[in-house]
2 protein chains.
Amino acid sequence: MVSKALIAASTKPMILSILAGGEIYGYQIIHSMIEISGGILEWSEGTIYPVLHRLEKDGFIRSQWKMSNNGRHRKYYRLTAFGRKELEKEKKQWMSVHNVLSKLWAPLPSFD
Amino acid sequence: MVSKALIAASTKPMILSILAGGEIYGYQIIHSMIEISGGILEWSEGTIYPVLHRLEKDGFIRSQWKMSNNGRHRKYYRLTAFGRKELEKEKKQWMSVHNVLSKLWAPLPSFD
DNA sequence: GTAATATACCTCGAACGTCTAGGTATGTCA
DNA sequence: TGACATACCTAGACGTTCGAGGTATATTAC
């Protein structure tokens, strides 16, 4: 189980990263993430849909209704150019924090 | 600048990690982090003190008032055994999320 | 034909977390 | 005496997740 704070920090970069791989709809994102993470991340619908709406409102992603061949309607999302830039920012931020943690977790250097 | 969500996710493991290196007081933690992170993380007092109180309430750290030789009183914190275990959990969580992101950010494998 | 299950979307409100802006108090230096 | 650094604290605004609820359609089993 991953803490709420970590979920909050990783959800945005994860969704943007997934969408960088091409068009995908909400319900599929949820199940893709469970698969990709090997069950570590168990996103629920109540978590993901509001995030998708916020990302669209902020202009990072854009949605389009489509009909699948089995008659169900799906809302497909894709990354905008602005969203692609945001993903790069998110990557940089994540990596900079990760580097600080890595430094703290590294075996202490010997000052000799 | 690092997003609020990332701050929220990294504050706990960072503080526990810093305390794993020995006793330290709140005000010092704030300035240590700015130095360690090279200014990437600009923790404010309003962020750190409530976190320290929560960590103590949860039993991960313990505090003790001490007088410095210049007459100022400082509240020193140190890690408990329980807190050391919690730090290991936090490390694992962070790394598992980091691994998923790394996978997503890796160049796509060619399926040929 | 109808019950159960899977797909696929949505929202409300409780709970929890940060952070701005304020506060207190002491020591040092000009 | 004023400015600044040190060193602690908290109230309230704001933002976020997530459980629990809702709608609707397609498929499968009985």
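Convention: sequence-line order gives letters A, B, ...; per-chain numbering from 1.
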His53(B) side chain near dT10(D) phosphate (N/O to OP1/OP2, under 4.0 Å): yes
Residue met sooner reading DNA chain C from 5', once Arg72(A) and Glu45(B) are mapped to nucleotides: Arg72(A)
Closest nucleotide among dC18(D), dC19(C), dC9(C) to the Tyr25(A) side chain: dC9(C)
d(CH2, Trp43(A); P, dC9(C)) in whole Å: 15 Å
Atom-to-atom span, CD1 of Ile7(B) to C1' of dT18(C) - whole angstrom: 9 Å
Residue pair Tyr76(B) / Arg74(B), side-chain donor-acceptor N/O under 3.5 Å: yes
Value in whole Å for how far the P atom of dA21(C) lies from CD1 of Ile48(B): 17 Å
Phe60(A) ring center within less than 6.0 Å of Phe82(A) ring center: yes
From CE (Met95(B)) to CD1 (Ile40(A)), nearest 0.5 Å: 11.0 Å
N/O (side chain, Thr47(A)) to phosphate O (OP1/OP2, dC18(D)) under 4.0 Å: yes
Whole angstrom value for the distance that separates P of dG13(C) from OH of Tyr49(A): 21 Å
Of the listed nucleotides dC9(C), dC8(D), dC19(C), the one nearest the side chain of Lys75(B): dC8(D)
Whole-Å distance separating the CG atom of Leu52(A) from the P atom of dT17(D): 11 Å
For atom CD1 of Ile24(B) and atom C1' of dT6(D), their distance in whole Å: 15 Å
Side-chain N or O of Tyr27(A) closer than 4.0 Å to phosphate OP1/OP2 of dT7(C): yes
Nearest-angstrom distance from the residue atom NE2 of His73(B) to P of dA5(D): 20 Å
Arg62(A)/Glu56(A) ion pair, N-O < 4.0 Å: no
Sugar-phosphate, base or nothing in reach of Gly46(B), heavy atoms under 4.0 Å: base
Interatomic spacing from OG in Ser32(B) to CD1 in Ile18(B) - rounded to 0.5 Å: 6.0 Å
Nucleotide dA7(D), atom P - distance to NZ of Lys66(B) in whole Å: 14 Å
Sugar-phosphate, base or nothing in reach of Arg74(A), heavy atoms under 4.0 Å: sugar-phosphate
